[in-house]
Participant: 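Can you keep this structure in mind? I'll have questions shortly.
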Number of protein chains: 2
Amino acid sequence: MQSKPTTIKEIARLLNISPSSVSRGLHDHPSIGAVTREKIKQLAKSLNYEPNNAAILFQKGKTYTIGVILPELSEHFFSTAISAIEDEALKKNYTVIFAQSHDDYDQEVKLVDKMKNQRVDGLLVSISKDTSKFDHFEKLNSFNIPVVFFDRIPPFKNVHYVACSLESATVKAINYLLKKGHRSIGMINGPATLFASEERKDGYMQAITFNRLKFDPSLIVNCDLTEKGTIEAANQFLNHKRKPTAIVTFNDYVALFLIKHFKQLNVINDFDVVSYANLPIISYLDHSPVASVEQYPYLQGQKAANILLDLISSPNLQNQAFYNTIVESDLVVNDEKY
Amino acid sequence: MQSKPTTIKEIARLLNISPSSVSRGLHDHPSIGAVTREKIKQLAKSLNYEPNNAAILFQKGKTYTIGVILPELSEHFFSTAISAIEDEALKKNYTVIFAQSHDDYDQEVKLVDKMKNQRVDGLLVSISKDTSKFDHFEKLNSFNIPVVFFDRIPPFKNVHYVACSLESATVKAINYLLKKGHRSIGMINGPATLFASEERKDGYMQAITFNRLKFDPSLIVNCDLTEKGTIEAANQFLNHKRKPTAIVTFNDYVALFLIKHFKQLNVINDFDVVSYANLPIISYLDHSPVASVEQYPYLQGQKAANILLDLISSPNLQNQAFYNTIVESDLVVNDEKY
DNA sequence: AAAAACAACGCAAACGTTTGATTAATTTCG
DNA sequence: CGAAATTAATCAAACGTTTGCGTTGTTTTT
């Protein structure tokens with residue numbers, strides 16, 4: 001019970017050979033004879049030898065570990081993304097360590113630092129909501145730790161990232177609603193400061209102008225994404241001179257609040273709702289959104305992980321060019337891609 | 001960019017002192033003079049020195065890392081539990097590594113082994129569905145790696161664990177329904193082989209007999225937890241000679257299927273449904289369960305993590321007595337505990 | 001038969017940090 | 001003023017593993 005774990009040295013001592021031979025024997029190095037090799041392996045097994053990973057990592061200067069920093073693990077999007085990351089990492093025998101920023105910039109800075117101290121071989125990051133400075137990532141450069149951002153990415157191209165184009169997805173959504181006959185479409189957008197809000201707005205405008213319709217800015221209202229804020233936004237639409245017949249919401253939570261509110265007012269049947277998917281069971285609602293934008297968290301996690309593992313295995317590649325990967329998001333209507 | 005990270009040796013060389021002094025200086029060891037200490041710290045800062053964690057861990061034989069093995073990270077219960085674990089770990093400056101068994105026994109065995117090789121300081125485990133042998137955990141004993149099980153725990157007491165008493169929660173649920181006037185209560189239980197099914201059944205029977213009512217075994221039906229299985233089970237109740245007026249479902253998914261089915265048959269208003277909470281937004285459904293059993297995943301994760309950290313810091317405690325912690329689960333009716 | 005090739009293993013350094021035991025220099029006290 | 005105590009720093013070993021190089025013998029080549 002209390003006994004120290006078996007080491008290579010111990011095996012060497014018992015076999016009257018050198019530790020280096022034991023190490024080589026266990027790794028099937030050609031310069032160790034078959035007889036000795038077998039003796040080594042048998043003794044190792046019978047002594048329950050387990051390589052001391054800490055020692056190996058230290059020796060090799062590699063940790064075979066990738067770090068993941070994300071805002072909130074309990075959010076469905078992130079938990080399935082990291083689930084994918086772990087699956088991919090395991091295939092290549094990497095270990096995943098993670099930490100949550102809880103959408104706090106200072107915390108994020110600390111965590112990046114911690115990951116660096118842990119000497120992770122690479123880092124996957126989905127940045128926090130109130131991160132607008134990015135120098136905390138630059139330190140990683142001098143430690144040769146590659147970073148791949150996913151989903152919540154910085155607003156410039158000279159980094160590796162994987163993300164969805166919410167813009168093109170929004171175009172799809174608006175086009176779908178237009179085809180369904182809607183002529184006045186409202187949008188409950190997020191805070192204006194968010195890049196994600198901008199993308200949605202751009203997509204909206206793009207679709208409207210492409211279809212040679214007049215763009216009415218008052219049909220897009222910003223919202224703090226709370227239930228109260230959603231209700232206020234919704235009420236604006238009810239009193240609107242060109243009352244919309246369809247509403248695009250920033251995410252499923254907003255859609256949830258909206259639907260609840262409209263049901264209470266008994267006007268839910270006057271609207272088609274389109275949302276961006278993050279709650280898997282929302283389709284079970286009575287008046288669920290007619291369509292939703294699927295952002296494929298598993299796929300995003302998978303791609304991001306593989307890019308990172310690529311960068312790790314070929315370090316020369318790291319600052320040559322940047323992976324800017326866009327995962328096409330789909331509009332899903334009744335379980336069918338659109 | 002390509003430069004190697006600064007080491008203690010490097011600092012020592014530049015300052016013409018010994019590495020040990022640098023180490024001690026950085027740690028405010030009393031045997032280093034104030035002047036030297038400051039010189040060391042300043043140079044360290046200006047050279048961007050960062051301690052090499054791998055080296056420290058190796059040296060100390062501790063990794064300050066706890067491992068978490070769970071079935072499926074994308075399930076809400078587990079993602080919030082591990083979220084709590086990470087929060088607690090961070091407070092004590094521990095790092096979390098995790099892996100998913102995907103409810104596969106063989107995978108679980110491999111992962112336990114991997115965690116052991118990583119020399120985690122401790123392990124938190126929620127066992128996979130088809131795990132019935134437990135010897136893969138015993139190896140950890142000889143490496144002095146404490147294990148705390150949570151939620152999905154082995155069926156014996158001589159291990160550390162944190163879990164909910166689904167039995168007492170079920171009693172509460174049945175009592176609530178009885179008080180509401182229901183006299184025939186159905187239960188869609190899980191597979192008979194599951195411990196969780198047994199607990200629910202025991203709770204059911206206990207409440208019924210305590211209230212001096214007759215127990216009718218045909219009111220509890222086992223189910224494979226699929227949509228199809230749920231519908232079959234539901235239909236049994238519709239044709240039952242003592243047609244129940246309330247139904248307790250194994251989990252929220254089953255409740256979801258049941259409600260959907262009953263809505264289609266237009267009989268949903270004939271039933272009160274009670275479920276075990278795992279889908280946070282189910283209460284937004286039109287005919288959502290009238291009550292649900294809250295199992296507090298965050299709290300469970302928190303407690304399990306703290307127990308593990310306790311065990312790590314006082315190793316002598318490890319095999320003396322076992323933490324068998326029960327988190328009381330509550331019946332939640334309209335956001336109020338019952 | 002001498003030279004070359006090969007097989008099987010040992011030696012020792014290295015990775016970066018910590019720590020118990022020492023030493024050297026300075027101060028304090030009786 | 002000499003002995004003891006204090007201060008400030010050094011030395012060297014240790015943690016477990018890997019790896020380039022060197023050293024034996026033995027076998028093959030010409």
Side-chain angles (χ1 to χ4, degrees), chain A residues 3-41 43-44 47-65 93 116-121 142-145, chain B residues 3-41 43-44 47-65 93 116-121 143-144:
Chain A
S3 67
K4 301 286 163 223
T6 315
T7 72
I8 279 191
K9 284 185 182 178
E10 177 77 0
I11 298 179
R13 199 178 52 80
L14 291 174
L15 250 41
N16 259 325
I17 58 181
S18 80
S20 50
S21 296
V22 176
S23 172
R24 291 189 165 104
L26 291 171
H27 289 86
D28 293 320
H29 193 281
S31 85
I32 299 296
V35 200
T36 326
R37 193 196 326 126
E38 285 317 307
K39 268 200 290 185
I40 292 171
K41 287 193 175 180
L43 185 58
L47 288 181
N48 254 315
Y49 168 74
E50 299 285 348
N52 182 329
N53 238 284
I56 297 175
L57 303 183
F58 164 58
Q59 210 285 134
K60 296 208 165 181
K62 269 197 76 173
T63 57
Y64 291 95
T65 296
N93 245 302
K116 183 190 56 196
N117 277 31
Q118 295 265 1
R119 297 284 197 276
V120 292
D121 288 346
S142 56
F143 284 77
N144 282 323
I145 300 176
Chain B
S3 66
K4 301 287 161 222
T6 316
T7 71
I8 279 192
K9 285 185 181 177
E10 177 77 1
I11 298 178
R13 198 178 51 80
L14 291 174
L15 251 42
N16 259 325
I17 58 181
S18 78
S20 50
S21 297
V22 176
S23 172
R24 290 192 163 102
L26 290 170
H27 289 86
D28 294 321
H29 192 281
S31 87
I32 299 296
V35 200
T36 326
R37 195 200 320 128
E38 285 316 307
K39 268 199 291 185
I40 292 171
K41 288 192 175 180
L43 185 59
L47 288 182
N48 253 317
Y49 168 75
E50 300 285 348
N52 181 329
N53 238 285
I56 297 174
L57 303 183
F58 164 58
Q59 208 289 132
K60 296 207 166 183
K62 268 197 77 173
T63 56
Y64 291 96
T65 297
N93 245 301
K116 183 191 54 194
N117 276 31
Q118 295 266 2
R119 297 284 198 276
V120 292
D121 288 346
F143 283 77
N144 281 323

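Values below: all heavy atoms of this structure, side chains included; hydrogens, waters and symmetry mates excluded. Everything numeric here is computed off the predicted structure, so don't read it as measured data. Below, chain A is the first sequence line, B the second, and so on; all start at residue 1.
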Participant: For the residue pair A:Ser21 and A:Thr36, establish whether any side-chain heavy-atom pair is separated by less than 4.5 Å.
Facilitator: no
Participant: Would you say A:Tyr49 and A:Leu26 make side-chain contact, with heavy atoms under 4.5 Å?
Facilitator: yes
Participant: Counting only distance, no hydrogens or angles, is the base of D:dT10 paired donor-acceptor with the side chain of B:Arg24 under 3.5 Å?
Facilitator: yes
Participant: Side-chain N or O of A:Thr36 less than 4.0 angstrom from OP1 or OP2 on C:dC9?
Facilitator: yes
Participant: Looking across every strand, which nucleic acid part, if any, lies under 4.0 Å from A:Asn16 by heavy atom: base, sugar-phosphate, or nothing?
Facilitator: sugar-phosphate
Participant: For B:Arg13, is there an ion pair with B:Glu10 - N to carboxylate O distance below 4.0 angstrom?
Facilitator: yes
Participant: Report the nucleotide, chosen from C:dT19, C:dC9, D:dT18, that has the shortest atom-to-atom distance to any side-chain atom of A:Ile32.
Facilitator: C:dC9
Participant: Looking across every strand, which nucleic acid part, if any, lies under 4.0 Å from B:Gly33 by heavy atom: base, sugar-phosphate, or nothing?
Facilitator: sugar-phosphate
Participant: Using a cut-off of strictly less than 4.0 Å, decide whether B:Ser31 has a side-chain nitrogen or oxygen near OP1 or OP2 of D:dA9.
Facilitator: no
Participant: Taking only side-chain N and O atoms of B:Ser18, does any of them lie within less than 4.0 angstrom of OP1 or OP2 on D:dT10?
Facilitator: yes
Participant: For B:Ser21 and D:dT10, is the shortest distance between a side-chain N/O and OP1 or OP2 below 4.0 Å?
Facilitator: yes
Participant: Counting any heavy atom closer than 4.0 Å, what does B:Thr7 reach on the DNA or RNA strands: base, sugar-phosphate only, or nothing?
Facilitator: sugar-phosphate
Participant: Can you check whether A:Phe58 stacks with the D:dT17 base, using ring centres under 5.5 Å and planes within 30°?
Facilitator: no
Participant: Out of C:dC11, C:dT17, C:dT19, which has the shortest distance to the side chain of B:Tyr49?
Facilitator: C:dT17
Participant: Is the phosphate of D:dA14, meaning OP1 or OP2, less than 4.0 Å from a side-chain N or O of A:Lys9?
Facilitator: no
